[in-house]
Amino acid sequence: MDKAKRGRYFDLDALNGYEFEEFVARLLRMMGYEDVQVTQRTGDKGKDIIAYSNHGKPFKYKVIVECKHTKSVGRPVIQKLQGALLHELGDDPYIKGIIVTSGKFTKEAIEYTEEINKKHGSWMEIELIDGRKLYELCKKHGIKIVSGNIQVVSDITFKHLPKEEVKKRTIGELETIKGIEKTTYQVKTWKSYYPYYCVRYSVHSQVCTKVGCIYEVNVDDELLFVDGVTGKVLDNLPHGFFKFSPENLTKIPEDEKNLIRPFNFSVDELEQKVIDSIINKYTKEVVYRGKNNVEYRKVCSPKKKDILIKESCPIYLPQYTNSIKIQETNYNQSIVANERDIFKISDDLAFCKVCGETIPIGERYVCPVCGKVLGPCHVIFDYLDGTPVCPDHAVPRKLYLQTIYFASKENLEKFNNMWATMSEWERITTDTTLMKVLIVIGFVMLLYLIKILGGLF
Ligand SMILES: [Zn+2]
Ligand SMILES: [Zn+2]
């Protein structure tokens, strides 16, 4: 792609030298370089960024990066970096240098670099990244620059179940709700590619006092997804639901690009949210005893420097939205899917419509009149046929003491006809509340009788 075409959403010219360094540092982090630090700019010693990597080697090595936000980079820049590498090598077995430019390398610069790599490649290598390669890397890692801001772009998603399958499973689960067969319902399913900023991170943090360490966090390679629309962290996703191995990833097909929802936040904003949420996640109140045997409370959290962002990338999660209408009541479900399973991020059907309590699958009922989903907390059963019904639509009928309910006027009428033909004894035994009271009275009288008889003999 030529520069004019690239320019529209890869506007490197909008960055100043310092911003260019920050931008390169960000890209390196996304590429998996660790501990990427932009160095303090005290004179140009031929190193703008220091990072670490273990890519291609069985050990971790230092990486020195020089950024040149210029049209052309010649041989002297390579020589200067070579000097810096020699200086930084120390006792290490290997060191790598990278020169990143928004422009091009001269022929001499390229030849000189090839020479170095050929001669010293076992312990020192230099990689050249020019404007074109920079563009390719940005595309691969999903970032773009729009009027000086680094924005997120991506067309990567996880392989996932098709819409028909998700809809089928939705209906399958809907049919486990007791009473659903007496209702009419509709299910509409939409697919979207929903933006998330995914981060792989480690936290190693300790808080120590005079009496020892009272707080410690050691986690490695945790994944975190930040919702690119709302900025909220997706924290209920089952561990390992999405796996970042190449065989699980795919590109969003051209004819589904219209289903992509755009990111609302820049990379900077998203990274800030990531850091905040990681700190929040591992913040704990610790109670400990001091040397003076006094109990102390201390809120401990990891510091920003304890958090290592190992890799970050924007990604679109295959997300389905179900709009379900049962009788007159509407429900929404948000579902993410991988190749085998679906997971509900949110599900209106999981809550009792009367009180809002969470109801597990298998204990859900639905009112055939209004379509409200009910938990065991609020379901009422028809006296005759056991149809579940909501408190608003249950038709009550008082016996002697007990009140019984019906799901319909017809069932009430049916019962009234039966009641009319019953003997008095049948009616009394039908009222279980009355029967209980009678049994208690009978029992008390029996005890009383025994007492009287006991007194006689
Ligand atoms: Zn309830
Ligand atoms: Zn109802």
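Remember, it's 1-based here, ligands and their atoms both numbered in the order they're listed. Each residue takes its place number in the sequence, starting with 1.
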Evaluate whether atom NZ of Lys298 has more than 12 neighbouring non-hydrogen atoms of other residues, nucleotides or ligands under 6.0 angstrom away.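 Counting other residues, nucleotides and ligands, NZ of Lys298 stays at 12 neighbours or fewer.
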Just checking Glu328: does its CD atom have more than 12 heavy atoms from other residues, nucleotides or ligands closer to it than 6.0 angstrom?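 Atom CD in Glu328 is not crowded, with 12 or fewer foreign heavy atoms closer than 6.0 Å.
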Geometry at the Zn ion (ligand 2) - His393 ND1 versus Cys367 SG angle, rounded to 10 degrees: 120°
Quick one: angle Cys370 SG - the Zn ion (ligand 2) - Cys390 SG, to the nearest 10°?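 About 120° at the Zn ion (ligand 2).
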Which atom of His378 approaches the Zn ion (ligand 1) most closely (N/O/S): ND1
Using a strict SG to SG cutoff of under 2.5 Å, would you count Cys370 and Cys390 as disulfide-linked? no
Does the side chain of Tyr400 come under 3.5 Å of the side chain of Lys398 through a donor N or O and an acceptor N or O?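 No, because no side-chain N or O of Tyr400 sits under 3.5 Å from a partner of the opposite role on Lys398.
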